[in-house]
Number of protein chains: 2
Amino acid sequence: MATMQDVARLARVSVSTVSYALTGARPISQATRDKVLAAMAELDYQPNAMARGLASRRSRILGLLLPMDERGLGATETAFVTGAAAAASAAGYHLVLSPIGVGDLDQLRRLASQRMLDGALLMEVQLHDPRVDVLRELGVPLVLIGRTADTTGLSYVDIDFDQTVRAAVGHLVDLGHHRIVYVNHSADTLAEGYGPALRTRDAFTAAMAGHGLEPLMIPAEDSAAGGRTALATALRRVPDLTAILAMNESAVFGLLGELAARGRSVPDDVSVVSMVTSPQVAELATPALTAMNSPGSALGRIAIETLLRHVDVGDAQINQQLLPCALEVRGSSGPPRTEGTTTEAARRRAATRRRA
Amino acid sequence: MATMQDVARLARVSVSTVSYALTGARPISQATRDKVLAAMAELDYQPNAMARGLASRRSRILGLLLPMDERGLGATETAFVTGAAAAASAAGYHLVLSPIGVGDLDQLRRLASQRMLDGALLMEVQLHDPRVDVLRELGVPLVLIGRTADTTGLSYVDIDFDQTVRAAVGHLVDLGHHRIVYVNHSADTLAEGYGPALRTRDAFTAAMAGHGLEPLMIPAEDSAAGGRTALATALRRVPDLTAILAMNESAVFGLLGELAARGRSVPDDVSVVSMVTSPQVAELATPALTAMNSPGSALGRIAIETLLRHVDVGDAQINQQLLPCALEVRGSSGPPRTEGTTTEAARRRAATRRRA
DNA sequence: CCGCTCAGTCGAAGCGTTTCGACTAACCGC
DNA sequence: GCGGTTAGTCGAAACGCTTCGACTGAGCGG
């Protein structure tokens, strides 16, 4: 394995010159640079990451802290991860994914205080997330994916739940629905202060109120069984419901199964719209789900770019950014059966809105 | 941030003594060790990972190379990852996940030749996997999850597809099924030489032959649509089929949807058994899928332990290990309708086998 | 009681970079 | 032609650890 010494010797320059040619920290004449680069190429030189990290106090490693529960990573998260990894790689950084949950604070502290991370991206952020405190205390730049309750001084990138819910409700209302139920994450998740669950709840209430409609939210466990139970509850509370908006990607399958079991057809009897869902998952269902496509990859790229700005200049400007999900109409939503004659009009209205 | 110097000064010993107390590379008296540990605790000392890596030529980082396609990570892979991460952490190593695919050989080469990885775990191994060559050439210890065609000199951990398929087919045969179709991954995937697809194909052929039955395999794209198409093909080729064994986790949902659409009930008309599936995913379906549970977490732990043995002693013994998936009977399998009177007997036979 | 071994400790030499201060020429405006 | 920049280069000192050789006593068989 060639070292900088070898390159310097071959190019007949000093070690520091090689370093400057590599990093551009000081000007180097074109002739010298060419010599150095040629020597590097000839020796197949790769800088030693550890030596570089020690001398520069920069590991060139960014951490992506993503708690991995038994549910696995959905296509949404995956898109985010690959988007972030690509952006990091383009900037000459490595992105390491660490399955560190909110519970493993010690492990996080160890990782960070070993100076292994130049910065961190936090996924599945909770409203009061202790990881934020740990990282701030240790002086590790960070960017949140999601938001804590108090975001002063913190950069974050998140989904614009408000706008996303409004668009979803708008779609259903345009189709002619009035009795719309929102199936959220579980009551426990809400109690824990999981941001997306709380924000969509509030956004749903506001959106329904905006149309003069009454909002009903039902929490559901993150599983097929939870979806089935939620549907039963929903039908009991609102027997004449014609549309369901679902936040819970896992529950939505149970929900569809239970609808089928009860002989209610989708979308003729009940329309279903799934929130923050990737096309891949939406296509798994029968019929394919009308869904709000999450901007996973863009989210990842923006998050990394923001983080790198913090890493490079300590006091970079705070960046707080929201991206909406785009409505994608598939087979699971349509005009309500009871609307009879207004169906055509509703369809036309929806199509118009969709193009907008 | 305290350094080893600070600790040495506070404990009134030399730096090397601190190092020995920390790593145990040389014997240290109990009294001295206590002094040193006390000093470390007082200063909240954490060794600098970069300095340590540079001096010892060991990064204490293991790479988990997992190509992330748009499908995301299933619960199976997630269990594997968390199992591996826990084992690595217990041994004082960091596990970094890198979404490096077979296409990013340059990136892999860079990562490895920067001496950033002490070893690597390769997921989604292909029969002729170029990543293996790159890592071997650079002298990075590696363990495969899956297998290449030629495994001489390579350690791997993999699912015992042979035994798994045999158990799945056995379950269906015990229930009384004779017309069993196997829905595999796509033709492209087979052509690419994706090991699990090829091995299950061969295992299926063998298992069916063992029961004197005729094997029919149908490839399916990894999507719901692929599953629907596959079902159509299957019914055309074997109109009287009573059971389906599915390798393709994505396709199985489309398959179920299409069965429902054609008015065939599961499991009364058609039994469905899903291979290498996590309980979480199996429960998503309606009815819940009888499946072969993948031993994800154990696989991860064993893989890391094997890898660490290679890292610690250069010429560690090759370890090639297969773990079977365990049959878990849920609602999607039962005796074939046509069997009439033998139903009870078949059910009893299946139950017996299940306990074994 | 002699020469050994061995546990326990120290000092110093790396590990392969970055970065700082210093030096040399060339070039500027005047 | 003179001080003052500036581009380009060098040597050496970090960076914070590990590891090697050497030293000191204590314990021990003969």
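Proteins get letters first, then strands, A, B, ... in listed order; numbering begins at 1 in each. As a basis for the values below, the full set of heavy atoms in this structure was taken, side chains included, without hydrogen atoms, waters or symmetry mates.
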Expressed in angstrom and rounded to an integer, what is the separation of [X] atom [atom1] from [N] atom [atom2]?
{"X": "A:Q30", "N": "D:dT9", "atom1": "CD", "atom2": "P", "answer": "11 Å"}
{"X": "A:M4", "N": "C:dT17", "atom1": "CE", "atom2": "P", "answer": "6 Å"}
{"X": "B:R12", "N": "C:dC10", "atom1": "CZ", "atom2": "P", "answer": "12 Å"}
{"X": "A:M50", "N": "D:dT18", "atom1": "CE", "atom2": "C1'", "answer": "15 Å"}
{"X": "A:M1", "N": "C:dC15", "atom1": "CE", "atom2": "C1'", "answer": "15 Å"}
{"X": "A:M116", "N": "D:dC17", "atom1": "CE", "atom2": "C1'", "answer": "13 Å"}
{"X": "B:Q46", "N": "D:dG16", "atom1": "CD", "atom2": "P", "answer": "15 Å"}
{"X": "A:M40", "N": "C:dG16", "atom1": "CE", "atom2": "P", "answer": "15 Å"}

Among the candidates [options], find the nucleotide nearest to the side-chain atoms of [X].
{"X": "B:P27", "options": "D:dT18, C:dG16, C:dG8", "answer": "C:dG8"}
{"X": "A:P47", "options": "D:dC17, C:dT17, C:dG8", "answer": "C:dT17"}
{"X": "B:L54", "options": "C:dG16, D:dC17, C:dG8", "answer": "C:dG16"}

At less than 4.0 Å, is any side-chain N or O atom of [X] found next to OP1 or OP2 of [N]? Yes or no.
{"X": "A:R52", "N": "C:dG16", "result": "no"}
{"X": "B:S14", "N": "C:dC10", "result": "yes"}
{"X": "A:T32", "N": "D:dG8", "result": "no"}

Short side-chain to backbone donor-acceptor contact, B:Q320 and B:V157, under 3.5 Å: no

Under the 3.5 angstrom rule, does the side chain of B:D118 hit a backbone N or O of B:S59 as a donor-acceptor pair? yes

Assign B:I28 to base, sugar-phosphate, or nothing according to its heavy-atom contacts below 4.0 angstrom with the strands shown. sugar-phosphate

How would you summarise protein contacts on nucleotides 19-27 of chain C per nucleotide, using B for base, S for sugar-phosphate only and - for none, with heavy-atom distances below 4.0 Å? BBBB-----

Residues [X] and [Y]: side-chain donor-acceptor under 3.5 angstrom:
{"X": "B:S16", "Y": "B:S19", "result": "no"}
{"X": "A:S29", "Y": "A:T32", "result": "yes"}
{"X": "A:D129", "Y": "A:T148", "result": "no"}

If the threshold is 4.0 Å, N to carboxylate O, is there a salt bridge linking B:D6 and B:R9? yes

To the closest 0.5 Å, what do you measure between CG (A:L64) and CG (A:L122)? 9.0 Å

